[in-house]
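Below is one structure; the comments refer to it alone.
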Amino acid sequence: MATATLSRKKPAKKAAVKSSNAPVAKAHLNGKAGVKRVYFFGNGKAEGGADMKDLLGGKGANLADMTKVPLPVPPGFTITTDTCGDYNDAGQKLPKGLMEEVRANIAKVEKAAGKKFGDVNNPLLVAARSGAKMSMPGMMDTVLNIGLNDEVVLGLAKLSGNERFAYDSYRRLINMFGDTVMGVDHEHFEHELSAVKNEKGAKVDTDLDTEGLKEVVARYKEVYKKHVGSDFPQDPYTQLEHAIEAVFKSWMGDRAIRYRQLNDIRGLRGTAVNVQSMVFGNMGDDSATGVAFTRDPSTGENVFYGEFLVNAQGEDVVAGIRTPLECKTEMAKWSKKSWAELLAVKKTLEARYKDVQDFEFTIEKGKLYMLQTRNGKRTTHAAVKIAVDMLKEKLIDEKTAILRVEPASLDQLLHPTFDPKAKKDVIAKGLPASPGASVGKPAFTAEEAEERVGKGEKIILVRRETEPADIGGMHVSEGILTSTGGMTSHAAVVARGMGTPCVAGAGAVHIDAKAKKFTANGKTYGVNDWVSLDGGTGEVYEGQVPTQEAALTGAFAQIMKLADKYRTLKIRTNADTPHDADVARNFGAEGIGLTRTEHMFFDPTRIHHMREMILATDVESRKAALAKLGPYQKEDFVGIFKAMKGLPVTIRLLDPPLHEFLPHNEKDQAELAKSLGMSLDAVKNRVQQLHESNPMLGHRGDRLAVTYPEILEMQVRAIIEAACVCKKEKISVLPEIMIPLAGTKAELDYLKKFTVATADAVFKEQGVKVPYMYGTMIEVPRAAVTADEMAHTAEFFSFGTNDLTQMTFGYSRDDAGSFLPEYVAKEILERDPFQSLDIGGVGKLIKMAVTLGRGVNKDLKCGICGEHGGDPRSVEFCHTVGLNYVSCSPYRVPIARLAAAHAAIKESQGAGKKK
Ligand code: PEP
Ligand code: MG
């Protein structure tokens with residue numbers, strides 16, 4: 001049969017192949033001898049299996065597995081993900097021999113289904129669906145009803161006894177093939193459908209009769225011909241071959257690439273293609289199609305959670321075109337038998353896969369078919385509850401329960417909720433599609449959302465419904481509001497995955513996207529009006545509703561307790577105030593890893609004394625100004641020590657360059673001069689004097705203490721006096737005095753003398769002694785390289801990976817934003833090294849420093865206090881190099897606790913495997 005290339009009038013709107021991912025054609029890959037590319041499943045037997053997700057994709061592997069259970073899976077076959085990789089590597093050419101393998105497998109499907117592909121009397125129709133190893137919902141292409149043509153449609157009408165259904169299926173094929181495979185804009189088809197509906201007085205698609213659908217088919221063929229430049233292909237194998245290619249191409253489409261970037265999906269060769277015998281949910285009122293989760297993916301509750309549409313095809317449910325019915329309340333009314341079968345499927349799936357399943361089903365003339373199953377995406381709230389529940393139900397063990405919750409996703413639970421006492425004006429109510437409280441101003445397209453967020457606005461994306469192309473705008477928005485669509489509509493599924501609050505299907509919201517406004521409850525809201533969404537209740541409020549902090553309770557607390565049982569890494573926090581320290585302790589912090597003392601100087605009175613100190617012209621007047629600051633510092637430290645109740649507290653001495661504390665505009669300089677009884681010129685001169693071309697590498701860190709030891713003396717005195725106050729009140733304290741930015745042992749030795757002398761003086765004055773430690777940050781590569789020397793003086797190391805990254809790469813922390821995103825986009829760097837530790841470079845320095853340092857002092861305490869301390873991937877690295885603790889911002893403490901448990905469990909599992 002002919003497989004001639006279809007001519008294209010206009011290029012498909014697919015993304016160009018990215019050169020980095022599709023190197024020059026490798027001829028040898030085309031037609032690799034002996035490579036099996038196609039795996040059959042059907043009638044209780046399958047060549048693939050659940051453990052073959054790399055090769056068959058998640059969907060293909062599970063279709064094979066479900067077939068073996070056996071669950072009622074329509075027969076079909078899976079073309080491997082490697083074939084997609086070979087296809088793209090070869091400059092988008094199908095490997096030789098592939099279509100022969102496909103034909104041989106079609107023959108098997110024909111046998112299993114008792115139908116024939118392209119046969120007019122007994123036609124087999126197939127679907128071609130994508131399916132990568134990781135699920136990428138809606139990001140790649142699908143073509144249904146392949147095998148229909150002008151003659152087969154007559155056969156299908158006869159065979160099904162339903163002419164209307166046959167033509168409905170045919171027009172769907174022309175539309176999908178035209179749009180997905182040939183790049184014809186869907187709008188052109190939609191336009192003709194609306195025209196026929198108008199002529200026939202049909203309100204919805206299902207009102208169209210057979211004659212109407214025949215007319216639609218004729219018009220769709222015209223649209224196809226006009227835009228593609230040739231007739232709609234009548235040969236079923238031509239249809240199939242091009243559908244397979246379209247799915248492979250969609251792997252490299254803009255949407256799919258963006259989705260992989262956003263979700264950090266890497267290292268995959270491509271998508272599989274699942275070609276499967278069609279079953280029809282649109283064969284009449286005894287047919288239906290639906291999607292379901294074995295538990296509620298929003299709350300985690302153990303209830304059947306699904307939706308179905310009678311007399312419809314799968315894409316109608318997911319696209320949110322018609323509002324589906326809830327299975328739990330409606331299905332038994334429609335068919336008791338189907339409802340009972342679905343409840344049995346729920347049990348079978350969970351017992352087999354030991355996780356929540358998200359599955360698609362079709363009921364054709366009363367018979368249930370399973371079209372796919374996969375682990376269900378869920379909110380973090382649900383993930384935590386499900387992990388804890390499944391552990392109780394003995395479906396999974398403790399380690400599995402911990403690994404089921406992604407550390408970074410805990411962020412969702414740490415988000416604020418609306419203050420229950422706040423006054424709320426409800427303007428609309430929709431479905432509670434993704435929980436959380438969000439407040440922002442409406443944007444009506446994804447592009448608008450991205451643009452306005454870029455300018456610093458907080459945005460609620462307001463759409464009739466979302467589609468995969470909106471992914472970027474959805475990602476940056478605070479919340480998402482849609483006026484149509486159900487709990488499994490695109491907006492709902494994607495928002496839940498992102499942890500973005502979402503209210504879906506709020507029918508009372510009337511959107512005029514062109515005019516950039518919506519009306520609800522009789523009022524109009526535009527781009528400058530605040531609205532608030534509660535994704536947990538589905539309510540939409542007018543204005544900015546106040547929010548309140550999250551609490552660590554219930555299943556969340558249980559999973560954290562379990563995590564603590566398995567982790568070995570300690571978790572500290574970066575906190576500069578007693579309030580931060582308190583929040584962090586409540587989240588489980590086991591100490592403070594960094595107090596940045598400079599933050600304590602910005603209060604109006606204190607900054608005044610600070611400026612006085614900086615402007616002082618001699619040591620005596622500098623000491624006098626410092627003496628005024630001392631009591632404030634002491635008070636802060638007492639507060640922090642008390643909040644930490646005996647846990648270790650690392651206090652870093654003054655770090656930033658002094659000019660950061662001085663005013664830079666003339667008006668403020670004049671005021672300062674007046675208040676200090678100085679001339680404006682004197683202030684200006686000092687500002688001028690402190691100006692540096694490269695302040696990040698200038699007079700900062702311990703270099704300040706070397707030139708002005710009196711600053712160090714004031715701070716050490718405040719720390720030790722505060723510790724003595726606590727000791728007298730019987731509160732135990734463990735201060736760790738930390739020197740910033742040191743690069744030589746000599747600096748540490750020099751400053752230690754002042755530190756020890758000051759501490760001893762205070763002990764003498766106070767008549768008590770407290771233990772304290774003297775240590776250093778490792779922020780300068782030289783410090784890491786000479787860590788064996790540094791460890792002779794420093795009693796602990798804390799890796800300041802913000803500066804260490806800056807100095808290792810030579811990327812300015814403050815200026816890297818202008819080029820780093822491009823480095824990541826061009827894959828020169830895998831990730832932004834300021835967010836996720838550069839393991840190959842900065843990590844190597846850390847490892848070296850730990851080894852060198854512990855070679856001198858085997859008990860050397862080592863931690864990390866840069867931003868990376870709260871990044872799960874970096875936390876795992878810290879575990880493997882044997883740090884004692886990671887320190888992160890208070891809200892990331894639970895994330896770090898869980899990440900540390902993941903690291904320990906994975907290590908033990910890896911060790912188990914090695915044995
Ligand atoms: C660091 O450099 O990693 C650090 C914690 O210090 P800062 O961010 O205050 O420079
Ligand atoms: Mg630093």
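Order of appearance sets the numbers: ligands from 1, and atoms from 1 within every ligand. Throughout, residue positions are numbered sequentially from 1 according to the sequence presented.
Contact check on Asp803 versus Arg813 returns a salt bridge, with a Lys/Arg side-chain nitrogen under 4.0 Å from an Asp/Glu carboxylate oxygen. The existence of a salt bridge linking Glu827 and Arg266 is excluded, since no basic side-chain nitrogen approaches an acidic carboxylate oxygen closer than 4.0 Å. A salt bridge does not link Lys745 with Asp788: none of the charged nitrogens is closer than 4.0 Å to a carboxylate oxygen.
For the Mg ion (ligand 2), the nearest N, O or S atom contributed by Asp803 is named OD2.
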Run Leu734 and Tyr772 through side-chain contact (heavy atoms from CB on, under 4.5 Å) and show every step you take. CA-CA 6 Å; Leu734 184 59; Tyr772 71 95; over 6 Å; no
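Taking 2.8 Å as the criterion, Glu779 counts as a coordinating residue of the Mg ion (ligand 2), since one of its N, O or S atoms falls below it.
When side chains are defined from C-beta on, Pro657 counts as touching Glu692, because their heavy atoms get closer than 4.5 Å. Looking only at side-chain heavy atoms (C-beta outward), Phe587 and Leu552 come within less than 4.5 Å of each other.
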Distances only, to 0.1 Å: what are the N or O pairs between ligand 1 and the protein that fall under 3.5 Å?
residue: ligand 1; atom: 2 (O); partner: Glu779; partner atom: OE2; Å: 2.8
residue: ligand 1; atom: 2 (O); partner: Asp803; partner atom: N; Å: 2.9
residue: ligand 1; atom: 2 (O); partner: Asp803; partner atom: OD2; Å: 3.0
residue: ligand 1; atom: 3 (O); partner: Gly800; partner atom: O; Å: 3.3
residue: ligand 1; atom: 3 (O); partner: Thr801; partner atom: N; Å: 3.0
residue: ligand 1; atom: 3 (O); partner: Asn802; partner atom: N; Å: 2.7
residue: ligand 1; atom: 3 (O); partner: Asn802; partner atom: ND2; Å: 3.2
residue: ligand 1; atom: 6 (O); partner: Arg652; partner atom: NH1; Å: 2.9
residue: ligand 1; atom: 8 (O); partner: Arg596; partner atom: NH2; Å: 2.8
residue: ligand 1; atom: 8 (O); partner: Asn802; partner atom: ND2; Å: 2.9
residue: ligand 1; atom: 8 (O); partner: Arg813; partner atom: NH2; Å: 2.8
residue: ligand 1; atom: 9 (O); partner: Arg596; partner atom: NE; Å: 2.8
residue: ligand 1; atom: 9 (O); partner: Arg596; partner atom: NH2; Å: 3.4
residue: ligand 1; atom: 9 (O); partner: Arg652; partner atom: NH1; Å: 2.9
residue: ligand 1; atom: 9 (O); partner: Arg652; partner atom: NH2; Å: 3.0
residue: ligand 1; atom: 10 (O); partner: Asp803; partner atom: OD2; Å: 3.0
residue: ligand 1; atom: 10 (O); partner: Arg813; partner atom: NH1; Å: 2.8

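A donor-acceptor pair under 3.5 Å links the side-chain atoms of Gln715 to the main chain of Leu654, judged by distance alone.
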